*Asks:* 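Dumping the structure here so I can ask a few things about it.
Along the sequence shown, residues carry numbers from 1. Just so it is clear, the model here is predicted, and its values are computed rather than measured.
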Amino acid sequence: MHSESNFAAHTAVIILCLNAQSYMQQLLQAIASLKDKPGKVLFIDSSSTDATVTMALAAGHQVHTIKRTEFGHGRTRNFAEKLCYEFEYLVYLTQDASPQSEDWLNCLLKPFYDKQVAIVYGRQVPRSGASNQERFAREFNYPNCSNRTEIADLATTGIKAIFCSNSFAAYRRSALIEVGGFPEQLPMGEDMAVTLRLLQSGYARYYQASAIAVHSHSYSVKEEFKRYFDIGTLMNLDPELNRARVSSSSEGLRFLQRELGQAGGFFQPLASCKVLVRTGAKFAGFWLGQRHQVIPTLLRRRISMHSYFWSQ
């Protein structure tokens with residue numbers, strides 16, 4: 001068993017990036033400030049045209065460049081795993097996630113002391129200047145208390161038992177390989193899809209609230225529609241995930257009720273109206289995504305947030 005100070009040495013940190021120059025300074029600083037350095041830092045770059053690659057190389061990290069047409073959420077992460085075959089733990093970051101503190105890596109890896117744990121994901125907090133919508137989404141999905149789930153929890157908590165995010169997550173590589181890696185034929189959601197497979201294989205998922213990264217997005221109504229079209233598509237393409245979603249169908253209603261409450265309800269009709277319009281866009285996008293087979297491919301590309309998926 002690895003000691004806490006020596007977990008990092010057995011870890012590869014993998015960052016997927018494309019024209020990430022504006023994020024690189026914070027990201028590189030988050031790695032450089034670590035008390036215990038990872039065994040490897042690998043950037044998988046989708047043919048950036050800015051200074052991303054130059055900055056990563058100057059910091060002493062490895063870079064592997066792929067064509068933009070080769071990118072896929074599951075496919076690219078599986079490719080990175082093969083480039084890090086000598087490491088037992090794989091930490092995946094997206095370029096816009098900024099881990100906090102000089103001990104974030106050990107904190108994220110600590111739950112692996114439990115040999116049943118195969119996936120750990122950290123807490124995401126809103127960026128400075130985030131909208132109320134961003135803040136609420138982060139507070140709802142990433143509370144300040146940790147939790148651990150196994151396959152038995154799926155019956156009671158549904159999709160929350162497998163919720164996680166590859167923007168800031170760590171995997172036990174041997175377990176990841178055992179379940180066949182990340183599913184590749186999905187537009188997004190490869191993280192939850194593989195977590196479900198890990199739980200079905202007897203492993204556990206751990207949410208580590210004390211490992212924190214700044215990461216949030218402000219989506220327009222149009223972007224929410226596109227994002228939920230992809231989520232609907234994901235559920236349609238992965239029946240196991242869809243069954244988990246159905247068993248916790250009240251989760252969306254709970255989110256809406258709490259968001260309306262935060263918006264002020266009847267006392268703030270304009271804010272509440274915006275919440276309802278955005279919720280309507282999500283529902284419409286999701287409904288169409290679950291029926292994507294009857295939509296022409298050209299139109300799918302236009303209404304998808306991950307349009308490249310429909311060209312692969």
*Asks:* Backbone N or O of T49 within a donor-acceptor pair of the N19 side chain at under 3.5 Å?
*Replies:*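 Yes: the side chain of N19 pairs with the backbone of T49.
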*Asks:* Could you tell me the separation between the CG atom of D230 and the CZ atom of R300, rounded to the nearest 0.5 Å?
*Replies:*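 Spacing of CG (D230) from CZ (R300) equals 12.0 Å.
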*Asks:* Could you label the plane-to-plane angle of the Y171 and F182 rings as parallel, tilted or perpendicular, counting under 30° as parallel and over 60° as perpendicular?
*Replies:*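 Correct class here is perpendicular.
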*Asks:* Answer yes or no: is there a donor N or O on one side and an acceptor on the other, between the side chain of S307 and the main chain of S304, under 3.5 Å?
*Replies:*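 Here the side-chain-to-backbone pair does not exist.
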*Asks:* When you compare the side chain of F168 with that of R123, does any pair of heavy atoms fall below 4.5 Å?
*Replies:*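 No - every pair of side-chain heavy atoms lies 4.5 Å or more apart.
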*Asks:* Please examine the side chains of F43 and M24, heavy atoms only from C-beta on, and report whether any two atoms are closer than 4.5 Å.
*Replies:*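 Yes, close enough: below the 4.5 Å cut-off.
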*Asks:* Quick one, Y308 and R68 - any side-chain contact, counting heavy atoms below 4.5 Å?
*Replies:*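 A side-chain contact is absent here, since even the closest heavy-atom pair is not under 4.5 Å.
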*Asks:* To check you understand the geometry: which heavy-atom pair defines the closest contact between T52 and C17, and what is its length?
*Replies:*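 Shortest heavy-atom contact: CG2-SG, 3.8 Å.
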*Asks:* Return yes if some donor-acceptor pair links the side-chain N/O of R148 with the main-chain N/O of Y206 below 3.5 Å, else return no.
*Replies:*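 Side chain of R148 to backbone of Y206, a donor-acceptor pair under 3.5 Å: no, none is there.
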*Asks:* S216 and side-chain hydrogen bond (donor to acceptor under 3.5 Å, both in side chains): which partner among R135, R138, E134?
*Replies:*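 Checked R135, R138, E134 against S216; only one passes side-chain hydrogen bond (donor to acceptor under 3.5 Å, both in side chains): E134.
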*Asks:* Output yes when a side-chain donor or acceptor of K40 lies under 3.5 Å from a complementary backbone atom of Q62, and no otherwise.
*Replies:*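 No, K40 side chain to Q62 backbone: no donor-acceptor pair under 3.5 Å.
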*Asks:* Where is the tightest heavy-atom contact between Y219 and E223, given as atom of each residue plus distance?
*Replies:*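 For Y219 and E223, the tightest heavy-atom pair comes out as CA-OE1, 3.3 Å.
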*Asks:* State plainly whether one hydrophobic cluster holds both M305 and L288, where clusters connect Ile, Leu, Val, Met, Phe, Trp and Tyr through side-chain heavy atoms under 4.5 angstrom apart.
*Replies:*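 M305 does not cluster with L288.
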*Asks:* Around atom NZ of K37, are there more than 12 heavy atoms from other residues, nucleotides or ligands closer than 6.0 Å?
*Replies:*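 Correct, the count exceeds 12.
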*Asks:* Run the salt-bridge test on R227 and E224 with the 4.0 Å N-O cut-off and return the result as yes or no.
*Replies:*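 Between E224 and R227 there is a salt bridge, with a charged N closer than 4.0 Å to a carboxylate O.
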*Asks:* Please confirm whether the backbone N or O of L199 pairs with a side-chain atom of R205, one donor and one acceptor, at under 3.5 Å?
*Replies:*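 No: the side chain of R205 does not pair with the backbone of L199.
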*Asks:* Between the side chain of D238 and the main-chain N/O of L234, is any donor-acceptor distance below 3.5 Å?
*Replies:*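 Not at all, since once roles are kept as given, no pair shorter than 3.5 Å links the two residues.
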*Asks:* Using the ring pair (Phe, Tyr, Trp, His ring centres under 6.0 Å) rule, take F163 and Y207 through it: C-alpha gap first, then chi angles, then the decisive distance, then the call.
*Replies:* CA-CA 9 Å; F163 178 81; Y207 167 56; 8.4 Å; no
*Asks:* How about CD on Q25, more than 12 heavy atoms from neighbouring residues, nucleotides or ligands closer than 6.0 Å, or not?
*Replies:*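 Counting other residues, nucleotides and ligands, CD of Q25 stays at 12 neighbours or fewer.
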*Asks:* For R77, does its backbone N or O pair with a side-chain atom of Y92 as donor and acceptor, under 3.5 Å?
*Replies:*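 Present.
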*Asks:* So do the side chains of I66 and F71 get within less than 4.5 Å of each other, counting heavy atoms only?
*Replies:*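 Side-chain contact under 4.5 Å: yes.
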*Asks:* Report whether I162 and F286 are members of the same hydrophobic cluster (ILVMFWY, side-chain heavy atoms less than 4.5 Å apart, transitive linking).
*Replies:*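 In one cluster with I162: F286, yes.
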*Asks:* Side-chain contact, heavy-atom cut-off 4.5 Å: L83 with I14?
*Replies:*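 Result no, sub-4.5 Å side-chain heavy-atom pair not found.
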*Asks:* Under 3.5 Å, is there a donor-acceptor pair between the E88 and S174 side chains?
*Replies:*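 Yes - a donor-acceptor pair under 3.5 Å links their side chains.
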*Asks:* How long is the straight-line distance from NE2 of H215 back to OG of S98, given to the nearest 0.5 Å?
*Replies:*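 The OG atom of S98 sits 10.5 Å away from the NE2 atom of H215.
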*Asks:* Would you please name every residue forming a side-chain hydrogen bond (donor to acceptor under 3.5 Å, both in side chains) with H64, sequence neighbours left out?
*Replies:*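 For H64, no residue satisfies side-chain hydrogen bond (donor to acceptor under 3.5 Å, both in side chains) once neighbours in sequence are set aside.
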*Asks:* Can you say whether the rings of F229 and W310 are parallel (under 30°), tilted (30 to 60°) or perpendicular (over 60°)?
*Replies:*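 F229 vs W310 ring planes: tilted.
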*Asks:* Check whether any side-chain N or O of S33 sits under 3.5 Å from a backbone N or O of E102 as a donor-acceptor pair, and report yes or no.
*Replies:*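 No, because the side chain of S33 does not come within donor-acceptor range (under 3.5 Å) of the backbone of E102.
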*Asks:* Could you tell me how the ring of F140 sits relative to the ring of F136: parallel (under 30°), tilted (30 to 60°) or perpendicular (over 60°)?
*Replies:*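 If you compare the ring of F140 with that of F136, the planes turn out tilted.
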*Asks:* Would you say Q293 and N236 make side-chain contact, with heavy atoms under 4.5 Å?
*Replies:*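 Sidechains of N236 and Q293: in contact.
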*Asks:* Taking NZ, NE, NH1 and NH2 as the nitrogens, is one of them in D103 or K110 under 4.0 Å from a carboxylate oxygen of the other?
*Replies:*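 Salt bridge flag = no for K110 with D103.
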*Asks:* Please report the closest heavy-atom contact between L198 and A118, naming both atoms and the distance.
*Replies:*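 Here L198 and A118 meet closest at CD2-CB, 4.0 Å.
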*Asks:* Under 4.5 Å between any side-chain heavy atoms of T94 and L16, yes or no?
*Replies:*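 They are not in side-chain contact.
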*Asks:* With the 4.5 Å side-chain cut-off for hydrophobic clustering, are I31 and V63 part of the same group?
*Replies:*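 I31 and V63: one cluster.
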*Asks:* Can you confirm whether E81 sits close enough to I177 that some side-chain heavy atom of one is under 4.5 Å from a side-chain heavy atom of the other?
*Replies:*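 Side-chain contact under 4.5 Å: yes.
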*Asks:* Is there a path of hydrophobic side-chain contacts, each under 4.5 Å between heavy atoms of I/L/V/M/F/W/Y residues, joining L299 to W287?
*Replies:*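 Result: yes, single cluster for both.
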*Asks:* For the pair R197 (side chain) and A193 (backbone), establish whether a donor and an acceptor sit closer than 3.5 Å, ignoring hydrogens and angles.
*Replies:*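 Checked: pair present.
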*Asks:* Supply the atom-to-atom distance H306 NE2 to K226 NZ, rounded to the nearest 0.5 angstrom.
*Replies:*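 Taking NE2 in H306 and NZ in K226, the distance rounds to 11.0 Å.
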*Asks:* Just checking Q26: does its CD atom have more than 12 heavy atoms from other residues, nucleotides or ligands closer to it than 6.0 angstrom?
*Replies:*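 No, because the 6.0 Å sphere around CD of Q26 holds 12 heavy atoms or fewer from other groups.
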*Asks:* Decide if atom CD of E150 counts as having more than 12 heavy atoms of other residues, nucleotides or ligands within a radius under 6.0 Å.
*Replies:*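 Above 12, so yes.
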*Asks:* Using 30° and 60° as the class boundaries, would you call the ring planes of F112 and F7 parallel, tilted or perpendicular?
*Replies:*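 Because their plane-to-plane angle lies in the 30° to 60° range, the rings of F112 and F7 count as tilted.
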*Asks:* Have S167 and Q124 got a donor and an acceptor in their side chains that come within less than 3.5 Å?
*Replies:*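 Side-chain D/A pair, S167 to Q124: absent.
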*Asks:* Side-chain heavy atoms under 4.5 angstrom apart, residues restricted to Ile, Leu, Val, Met, Phe, Trp, Tyr: same cluster for I231 and I295?
*Replies:*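 I231 clusters together with I295.
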*Asks:* With a 3.5 Å distance limit and no angle check, can you tell me whether T11 reaches the backbone of L90 through a side-chain donor-acceptor pair?
*Replies:*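 Side chain of T11 to backbone of L90: no pair is present.
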